[in-house]
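Right, one structure below, let's go through it.
All residue numbers refer to positions in the sequence shown, counting from 1.
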Amino acid sequence: MYCAISGVVPDEPVVSKKSGHLFEKRLILKHIQTTGKCPVTDEDLTEQDLIAVQENVIVRPRTSSATSIPSLLSLFQSEWDSVVSEMYQLKKQLHDTKQQLAQALYENDAAKRVIARLLKERDEALELAKQGTTNTGTTTNGAMNRETAEDVNNTVHNEEDFNMEVEDNTGVVLLPPLVLEQIDKTSQELISYRKNRKVSASGISKERMESYREEKNLKVHTGKEKEIVALSQSPKDSSLLFSAGKDKTVKLFTLETEKTLISVSAHKAPLTDLVVHPNENIFITSSIDNTAVVWHWGNGDKSKPKASNTVNIHEGAVTQLSLHPCLSYFVTASEDCTWAFHDLESGDCLSRATKGSTGIASIGIHPDGLILGTGFSNGELNIWDIREMKVALSIRESSSVDDTAKISSLSFSENGYHMASMNHTLVELWDLRKPGTAIRNWNVVEGRKCCFDSSGVYLGVLCANEVKIMETKKGLEGLNIVSSRDLSSNDSLTTILLAKDMERIILGDVKGCIHVLSISE
């Protein structure tokens, strides 16, 4: 007979009156003191339930393996090996059990998170339904008077387009409802403002406009690669100017004293674009290192900017940036054929869209914030509905694969219904209410950039060796403002900035110099 606990012949056997199992008295008493139950049947068991079993006391002979010290050592070694092996198996089983438990806990937590998110989205949808704003196209009732670009959305938001939505947007994540609500609210405010604003054509006659002359020439960027790629004026102080260069730096300097106030090494590779926030001490940079960075700096002019967020979702160079009229979001365009919508505060990518197989060379957001335009390296030009993250209007299909077709620049007019695009040899003016054919075009040589002034009446056109100003309403031939031969340095021009009310025209060139033009009295 063997002990039910140890599996060996007991020295002092006892038997349970309840179950009839045989135990070693020493072992069963310890178990009863610990648990108070039978180790086999799990029934209540006390010491009084045990009956001693009388047996003849015999002297057990030693086994042959325990008759000598070497044999005993060998026996102990075997027992130790078996104990170690059993401990290893127990530890392995414990580890597997822990992993299974962790996986179960993770799945449970993930399920709760999904349920919480769905409940939150349901509550938001119900709230929007109560407010009557579940339809994100709330502005399609003609609220955007003055023939603004909302008419473009109305013409494409027909039944056929909506039937194609699932096919066109497979895998595309739409913007969150709260963001869409903010975009619609901002759009309505801007539409109302635009309907009531009085357009001033800067009050500059043709004769005065032809009298622009170089006022200042500032050497800003240095180094091997010092070409200026973007300029931006501080909205708070028109004398402060931001400059981004291929020397990987951003400079903030004052036109009055001609002194550099801030210089920051923004990226590890040459920069491609720069955008300055109109109300906050924030600017955004992009680079061929596939990233965009949001920078903050303090109230003092000499405080060092700090990178608050870095966008690194693109697999190709980030070519251009654009700040949304909400002033809380911005978009990036990349050579990886995608553009993305980001939160300015957190830097998170809220949505991302792609089209075609060639890179996006330029991007711009409409003044109302409902649509944006993209220009591709192959000459393709599209208008996107930001709310649905899909192409609302294809203005022009791809035309070529050489560099001359690349849409290097595009700009929306403040009047809301004109858009200008530019490639190496042609500037085109588009009426978003009548898509399909450019209403006006101008031939250029080595086109660099085009941009509207704050009134939306004048279009500045920059070529490598000259600057032209087009009057969009009358369709006159461009006024030749200045050529590089008239500047203090005969270097190729790269970027242009039209100051408010056309009081200044600021140019950047390949040698890192800033040319400030003003009207000579």
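- Minimum heavy-atom separation, Ser334 to Thr319: N-OG1, 3.9 Å.
- Phe283 pairs with exactly one of Val264, Leu252, Val293 by the side chain to side chain contact (heavy atoms under 4.5 Å, CB included) rule, that one being Val264.
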>> Quick one, Thr374 with Trp384, criterion side chain to side chain donor-acceptor pair (under 3.5 Å). Give me CA distance, side-chain angles, the key distance, then yes/no.
In response: CA-CA 8 Å; Thr374 54; Trp384 296 73; 2.8 Å; yes
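- No donor-acceptor contact under 3.5 angstrom links the side chains of His314 and Thr291, judged on distance only.
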> Under the side chain to side chain donor-acceptor pair (under 3.5 Å) criterion, do Trp295 and Thr285 qualify, and how do the steps go?
Replying inline: CA-CA 8 Å; Trp295 300 83; Thr285 58; 3.0 Å; yes
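- The two residues Leu274 and Ser243 have their closest heavy-atom pair at CD2-N, 4.1 Å.
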>> Go through it in stages, so that I can follow the logic: the residues are Asp509 and His515, the test is side chain to side chain donor-acceptor pair (under 3.5 Å), and I'd like the CA-CA distance, side-chain angles, deciding distance and then a yes or no.
In response: CA-CA 8 Å; Asp509 66 20; His515 305 274; 2.8 Å; yes
> Can you list the steps and then say if Ile496 with Ile505 is a side-chain contact (heavy atoms from CB on, under 4.5 Å)?
Replying inline: CA-CA 7 Å; Ile496 182 174; Ile505 298 177; 4.1 Å; yes
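- The closest side-chain donor-acceptor pair between Ser408 and His424, if any, does not fall under 3.5 angstrom.
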>> Using the rule given for salt bridge (Lys or Arg N to Asp or Glu O under 4.0 Å), can you reason through Arg396 versus Glu428, listing the C-alpha separation, both sets of side-chain angles and the distance that settles it, and then say yes or no?
In response: CA-CA 11 Å; Arg396 186 174 60 203; Glu428 295 175 291; 2.4 Å; yes
> Should Ser286 and Thr272 be marked as a side chain to side chain donor-acceptor pair (under 3.5 Å) after you check the CA-CA gap, both sets of side-chain angles, and the distance that decides it?
Replying inline: CA-CA 6 Å; Ser286 61; Thr272 56; 2.7 Å; yes
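- Looking at every heavy atom in both residues, Val275 comes nearest to Leu323 through CG1-CB, 3.8 Å.
- Side-chain atoms of Asp184 and Gln182 include no donor-acceptor pair closer than 3.5 Å.
- Looking at heavy atoms from C-beta onward, Leu432 lies in side-chain contact with Ile383 at the 4.5 angstrom threshold.
- A heavy-atom distance below 4.5 Å is found between the side chains of Leu218 and Phe253.
- Side-chain contact between Arg213 and Leu517 is absent, with no heavy atoms from C-beta onward closer than 4.5 Å.
- Within 6.0 Å of the CD atom in Glu345, the count of heavy atoms belonging to other residues, nucleotides or ligands does not exceed 12.
- In terms of modelled atom types and a separation under 3.5 Å, the side chain of Lys219 and the main chain of Ile514 share no donor-acceptor contact.
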>> Between Thr494 and Leu462, is the side-chain contact (heavy atoms from CB on, under 4.5 Å) condition met? List the steps.
In response: CA-CA 8 Å; Thr494 56; Leu462 178 71; 5.6 Å; no
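- Residue pairs meeting the salt bridge (Lys or Arg N to Asp or Glu O under 4.0 Å) criterion with at least one partner in residues 312-334, sequence neighbours excluded, do not occur; the list is empty.
- A donor-acceptor pair under 3.5 Å is absent between the side-chain atoms of Asp368 and the main chain of Leu370, judged by distance alone.
- The backbone N or O of Ser238 lies less than 3.5 Å from a partner atom in the side chain of Gln233, making a donor-acceptor pair.
- A salt bridge links Glu215 with Arg504: the distance from a Lys NZ or Arg NE/NH1/NH2 to an Asp or Glu carboxylate oxygen falls below 4.0 Å.
- A salt bridge between Asp336 and Arg352 is present, with a side-chain N of the basic residue lying under 4.0 Å from a carboxylate O of the acidic one.
- Summarising the local packing, NZ of Lys185 is surrounded by 12 or fewer heavy atoms from other residues, nucleotides or ligands at distances under 6.0 Å.
- When only modelled atom types and interatomic distance are considered, Ser346 and Asp343 share a side-chain donor-acceptor pair under 3.5 Å.
- Pro325 has its side chain within reach of Leu190: a pair of non-hydrogen atoms, C-beta onward, lies under 4.5 Å apart.
- A donor-acceptor contact closer than 3.5 angstrom links the side chains of Asp453 and Ser455.
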> Given Asn441 and Leu429, is the side-chain contact (heavy atoms from CB on, under 4.5 Å) satisfied, shown in steps?
Replying inline: CA-CA 6 Å; Asn441 58 67; Leu429 184 66; over 6 Å; no
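- Side-chain atoms of Asn290 come within 3.5 Å of backbone N or O of Ala317 as a donor-acceptor pair.
- Counting non-hydrogen atoms of neighbouring residues, nucleotides and ligands closer than 6.0 angstrom, the NZ atom of Lys251 exceeds 12 such neighbours.
- In plain terms, the two heavy atoms of Ile360 and Ala333 that are nearest each other are CG2-CB, 3.6 Å.
- Under the 4.5 Å side-chain criterion, counting only non-hydrogen atoms from C-beta, Thr495 is not in contact with Leu507.
- Within the 4.5 Å cutoff, no side-chain heavy atoms of Val445 are placed close to those of Cys463.
- Without hydrogens or angle criteria, Ser287 side chain to His267 main chain gives no donor-acceptor distance under 3.5 Å.
- Under the 4.0 Å criterion applied to side-chain N and carboxylate O atoms, Glu225 and Lys248 are not assigned as salt-bridge partners.
- A donor-acceptor distance shorter than 3.5 angstrom exists from the side chain of Ser308 to the backbone of Val294, with no hydrogens or angles considered.
- By the neighbour-count criterion of 12 heavy atoms within 6.0 Å, atom NZ of Lys355 is densely surrounded, having more than that number from other residues, nucleotides or ligands.
- Taking all atoms of both residues into account, the shortest heavy-atom contact from Gly375 to Leu381 is CA-CD1, 4.1 Å.
- A donor-acceptor contact shorter than 3.5 Å links the side chain of His324 to the backbone of Cys326.
- Asp273 contributes a side-chain N or O that, together with a main-chain N or O of Leu321, makes up a donor-acceptor pair within less than 3.5 Å.
- Ser362 contributes a side-chain N or O that, together with a main-chain N or O of Ile407, makes up a donor-acceptor pair within less than 3.5 Å.
- With contacts defined as side-chain heavy-atom distances shorter than 4.5 Å, the pair Leu459/Val427 qualifies.
- Between Phe341 and Ile183 the shortest side-chain heavy-atom distance falls below 4.5 Å.
- Taking the ring centroids of Phe452 and Tyr458, they lie at or beyond the 6.0 Å cut-off.
- Remark: Phe330 engages His342 in a ring pair (Phe, Tyr, Trp, His ring centres under 6.0 Å) (not counting sequence neighbours).
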>> What verdict does the salt bridge (Lys or Arg N to Asp or Glu O under 4.0 Å) test give for Arg448 and Glu446, after you've listed the backbone C-alpha separation in whole Å, the side-chain angles of each residue and the deciding distance to 0.1 Å?
In response: CA-CA 6 Å; Arg448 293 287 190 265; Glu446 295 186 64; 3.6 Å; yes
>> Please evaluate residues Trp339 and Phe376 with respect to the criterion ring-ring contact (aromatic ring centres under 6.0 Å, His included), reporting the C-alpha separation (whole Å), side-chain torsions for both, the decisive distance (0.1 Å), and the verdict.
In response: CA-CA 11 Å; Trp339 67 270; Phe376 289 76; over 10 Å; no
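- Checking side-chain atoms of Ser192 against main-chain N and O of Gln188 turns up no donor-acceptor pair under 3.5 Å.
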